[in-house]
Amino acid sequence: MHPKVPTNLPLHLNIQFIKKYLNSGDIVRARQLFDEVPHPDVYSWTLLISAYSKNGRSEEAIKLYTEVKNRRKIDPDKFVVLAAAKACAASGDLANAKEIHRDALNYRFSSDLLLGNALIDMFGKCKHFEGAESVFGNLGIRDVITWTSFCSCYVNCGLPRKALCAFREMGFNGISPNAMTLSSILPACSELKCLNLGREIHGFSIKNGMGDNMFVNSALVDMYSSCSSIKRAELVFHNMSHPDVVSWNVIISAYFTNGECVKALNKFQQMTNKGVNLDIVSWNSVISGCADNGKPQEALELLRNMLQSGRKPNQITITSVLASCTSLELWRVGKEIHAYIVRNRFLDDLTAVTALVLMYAKSGDLEMSNQLFRNMPSKDTVAWNTIIIANSMHGQGEKSMSLFNEMVESGAKPNSVTFTGILSGCSHSRMVDEGLSVFNSMKKEYNVEPDSEHYSCMVDVLGRGGRLIEAYNFIRQMPVEPSAAAWGALLGACRVYKNVDLGRIAANRLFEIEPGNPGNYVLLFNILVGAKLWEEASSARKLMRDRGIRKIPGCSWVRLKNRVYTFVVGDKNNEMSGEIYEFLNEIRKEMKLAGCYPDTGFVLQDLDGEEQEDSLCNHSEKLAVAFGVLNLRGESCIRVFKNLRICGDCHSTINFVAKFVGVQIIVRDSLRFHHFADGLCSCGDFW
DNA sequence: GTAGGGTTAG
């Protein structure tokens with residue numbers, strides 16, 4: 001081991017040794033020596049505190065600081081308080097930050113420039129602008145660092161406007177910004193999409209010799225990208241003489257946020273080719289970029305590459321890639337990632353688990369979703385919102401409501417998304433009075449102003465509840481402009497309750513607001529056909545044709561052993577097509593024997609008249625279910641996904657199949673989930 | 001023997 005250093009040396013020599021150990025990174029040995037020194041002075045304490053905080057061991061640093069404060073024989077100086085402030089800044093520990101601020105006031109260091117700057121920075125990192133304002137106010141002299149830290153505190157606290165005000169005031173006070181000021185203030189321009197100020201800052205940086213500053217330029221790339229000015233972002237990046245890994249990451253994200261996936265992926269490739277060391281952010285940027293831009297397969301592929309390269313995913317990687325699984329309904333891959341989360345102890349990460357809760361719910365496994373949520377050690381508003389939305393999607397309105405009550409009791413604050421979640425739950429479960437009472441309590445009890453989305457949800461609640469006149473009056477009286485969603489909800493309700501008059505009104509409004517949406521023409525057509533108004537129906541159809549609008553083809557898919565099998569109407573391309581149709585014919589016979597007759601009203605939902613006869617047995621969801629049944633290998637559940645709403649005849653057929661074969665069948669249509677088992681559907685035959 | 005900055009997330 002190490003030769004023992006005699007501790008009876010004079011203090012300043014011991015300090016030399018402590019510093020030597022710290023400089024070589026041997027914090028353990030420095031601590032040992034420190035513990036043996038009989039009367040360490042405040043400087044030795046400071047050295048150790050700084051060392052711990054630099055090594056990411058803020059807790060230990062703060063413990064030492066508390067200890068030194070309580071030593072009778074030592075008077076804390078501003079440097080030891082400063083070291084403690086840095087430790088708090090590193091860990092974002094607000095409680096201790098406030099304590100340190102109080103100490104600074106007690107010791108009368110509060111007007112010291114050096115310490116003041118560090119305290120402002122600390123409060124900025126702890127996201128507590130009130131603290132920073134108080135420190136700032138106490139400073140008699142403020143330098144460029146004071147102002148810079150003050151501005152970036154506002155930026156960190158999500159107050160970009162205040163940041164820009166402080167930046168202006170700085171100028172009025174005759175302080176000229178430096179490169180650090182500019183790179184701190186540019187994110188405020190990004191957030192506010194302040195292109196003009198951003199360009200002004202760009203010009204200033206060039207005039208003042210900061211044209212090749214990496215930090216400023218990376219912040220500029222981000223600013224231009226946020227202001228949708230990708231060309232300018234590109235230009236800044238290409239003019240950089242030495243882009244570092246962060247600069248590359250920024251330009252990649254910039255391309256993705258502007259929808260330029262090919263360029264983003266090219267840049268990623270280029271970066272790899274140039275031998276830039278990819279960091280975790282590089283991988284996360286490109287993975288989340290793909291996930292956000294409708295490229296889930298690529299996101300998963302990149303995750304594989306990442307693992308191959310030996311880089312460990314973190315919570316952010318997991319969250320992004322789970323979003324991909326959700327969009328592809330890649331339930332099995334999602335399960336693998338779930339296992340990964342458990343193995344790597346990410347289960348206490350709110351964001352990752354919330355994404356997992358959503359993934360399971362969207363993949364049809366509501367039970368797992370609920371179970372995971374129950375086991376979460378802490379829950380924030382987003383987590384509660386997610387579980388409420390999950391239950392609403394699955395038609396569990398009562399459950400959504402009780403979760404909401406639990407949420408309020410737990411002290412989490414409901415926000416606008418919470419109410420959209422509950423109200424949609426109420427509409428899917430025909431809970432009209434509950435919906436009305438929640439809606440009325442939004443502003444009064446929770447101070448959430450209902451927006452257009454909430455109003456549309458309420459139209460849906462009333463409409464699906466069969467209270468069509470009320471729904472229509474609600475639309476006419478709402479203080480916001482009724483959106484397509486509101487009229488669409490009314491139109492849908494008119495289809496269910498066969499109300500031709502209101503259906504016409506709603507459809508005509510929709511033809512104005514969103515003339516290109518085929519769904520509205522189809523709904524009106526169905527309503528008219530249901531009322532046997534053939535001529536009017538065919539003119540609705542003609543209107544659609546004249547406008548050149550094509551119905552979106554119905555498409556269903558089912559997963560089998562990590563492969564996705566897709567079916568369209570009348571699909572005969574599957575290798576098992578023969579068996580599928582045979583099975584469906586058999587089922588039709590069985591249904592007739594059991595006294596179930598096909599619901600012909602729905603045949604017409606398909607606008608392609610030529611196929612009417614046939615199409616009854618041909619809908620994609622039936623084909624997918626049949627394929628799933630024929631390939632059941634001991635599994636008790638089939639999950640089918642459809643891009644449009646499920647049709648009524650398919651609904652009753654699938655219900656029958658589930659009972660006949662003795663399996664659970666879960667169908668997700670474009671709006672919600674249907675759980676079929678034992679001759680019942682979770683939607684109560686109402687959708 | 002003392003301070004501050006740019007990228008990724010539900």
Side-chain angles (χ1 to χ4, degrees), chain A residues 12 15-16 19 22 41-44 46-47 50 77-83 85-86 89 112-122 124-125 143-153 155-156 177-187 190 210 213-223 225-226 236-237 240 243-254 256-257 278-292 313-323 326 349-359 379-387 389 417:
Chain A
H12 74 270
I15 290 177
Q16 291 310 315
K19 276 173 72 176
L22 290 178
D41 66 352
V42 67
Y43 177 54
S44 1
T46 309
L47 277 178
S50 309
D77 60 4
K78 64 175 186 180
F79 294 112
V80 73
V81 182
L82 196 137
K86 279 172 83 177
D112 182 83
L113 181 62
L114 201 67
L115 181 56
N117 287 347
L119 290 175
I120 293 174
D121 179 54
M122 169 189 77
K125 302 254 161 70
D143 63 3
V144 62
I145 297 170
T146 320
W147 284 98
T148 304
S149 312
F150 193 53
C151 290
S152 76
C153 171
V155 174
N156 283 341
N178 62 21
M180 293 200 189
T181 321
L182 299 189
S183 45
S184 308
I185 202 69
L186 278 167
S190 303
M210 302 173 223
N213 182 289
M214 219 158 50
F215 291 93
V216 175
N217 283 327
S218 301
L220 280 170
V221 171
D222 183 59
M223 182 277 297
S225 138
S226 302
V236 175
F237 178 80
M240 288 179 76
D244 68 349
V245 60
V246 179
S247 322
W248 283 94
N249 294 346
V250 177
I251 189 70
I252 288 171
S253 302
F256 275 123
T257 47
L278 303 182
D279 65 4
I280 181 90
V281 180
S282 320
W283 285 106
N284 288 350
S285 304
V286 74
I287 289 174
S288 74
C290 285
D292 291 344
N314 68 5
Q315 287 94 326
I316 294 174
T317 329
I318 297 295
T319 312
S320 314
V321 93
L322 270 176
T326 309
D349 180 80
L350 257 180
T351 312
V353 181
T354 302
L356 204 51
V357 168
L358 187 67
M359 186 279 295
K379 290 143 185 156
D380 64 356
T381 298
V382 180
W384 282 104
N385 289 352
T386 305
I387 197 67
I389 292 168
V417 179

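Computation of the quantities below employed the complete heavy-atom set of this structure, encompassing side-chain atoms and omitting hydrogens, waters and symmetry-equivalent molecules. Letters A, B, ... mirror the listed sequences (proteins, then strands); counts begin at 1.
Distance Ile145(A) CD1 to dG4(B) P: 8 Å, rounded to the nearest Å. If you take CG of Asn117(A) and C1' of dG5(B), they are 14 Å apart, rounded to a whole angstrom. The distance between atom CG of Asp349(A) and atom P of dT8(B), rounded to the nearest whole Å, is 17 Å. Atom P of nucleotide dT7(B) and atom CD1 of Ile280(A) are separated by 17 Å, given to the nearest angstrom. In this structure, Lys86(A) places its NZ atom 12 Å from C1' of dG1(B), rounding to the nearest Å. At whole-Å resolution of the value, CG in Leu115(A) and C1' in dA3(B) are 10 Å apart. The nearest whole Å value for the distance from the CD1 atom in Ile120(A) to the P atom in dG5(B) is 13 Å. Distance, Asn156(A) CG to dG5(B) C1': 11 Å, rounded to whole Å.
Within 3.5 Å, no donor on the side chain of Thr146(A) pairs with an acceptor on the base of dG4(B), nor the reverse. A donor N or O paired with an acceptor N or O is found under 3.5 Å between the base of dG4(B) and the side-chain atoms of Asn178(A). In the interface, the side chain of Ser218(A) is paired with the base of dG6(B) through a donor and an acceptor atom under 3.5 Å apart. One cannot find a donor-acceptor pair under 3.5 Å joining the base of dG6(B) and the side-chain atoms of Asn249(A).
No engagement by Ala383(A) is indicated, since no non-hydrogen atom pair under 4.0 Å with the nucleic acid exists. The residue Thr317(A) sits apart from the nucleic acid: no heavy atom pair falls under 4.0 Å. Within 4.0 Å (heavy atoms only), Asp279(A) reaches no atom of the nucleic acid at all. Backbone-only engagement by Ser253(A) is indicated by non-hydrogen atom pairs under 4.0 Å involving sugar-phosphate atoms exclusively. Contacts of Asp380(A) with the nucleic acid, taken as non-hydrogen atoms under 4.0 Å apart, include base atoms. Here Asn385(A) lies out of heavy-atom contact (under 4.0 Å) with every strand. Residue contacts for Lys19(A): at a heavy-atom cut-off of 4.0 Å it reaches the sugar-phosphate backbone alone, with no base atom in range. Among the heavy atoms of the strands lying under 4.0 Å from Asp143(A) is at least one base atom, whether or not backbone atoms are also near.
With hydrogens and angles left out, the side-chain atoms of Asn314(A) and Asn284(A) include a donor and acceptor closer than 3.5 Å.
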Derivation of the side chain to side chain donor-acceptor pair (under 3.5 Å) call for Asn117(A) and Ser149(A): CA-CA 7 Å; Asn117(A) 287 347; Ser149(A) 312; 5.5 Å; no

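In this structure, Phe79(A) does not count as stacked on the base of dG1(B) under the 5.5 Å centre distance and 30° plane angle limits. Stacking annotation: Phe215(A) is not stacked on the base of dG6(B) (requires ring centroids less than 5.5 angstrom apart and an interplanar angle below 30 degrees).
Rounding to the nearest 0.5 angstrom, the gap separating the CG atom in Asp244(A) from the OG atom in Ser218(A) is 5.5 Å.
For the salt bridge (charged side-chain N to carboxylate O under 4.0 Å, His left out) test, no residue two or more places apart in sequence or in another chain qualifies with Asp222(A). A search for salt bridge (charged side-chain N to carboxylate O under 4.0 Å, His left out) contacts involving Asp112(A) returns Lys78(A), not counting sequence neighbours.
Looking only at distances, no side-chain donor or acceptor of Asp121(A) sits under 3.5 Å from a matching main-chain atom of Gly124(A).
The side chain of Ser183(A) approaches dG6(B) more closely than any other nucleotide in the set dG4(B), dG6(B), dG10(B). Of the candidate nucleotides dA9(B), dT7(B), dG6(B), dT7(B) has the atom lying nearest to any side-chain atom of Val250(A). Among the nucleotides dG5(B), dG10(B), dG6(B), the one closest to the side chain of Lys125(A) is dG5(B).
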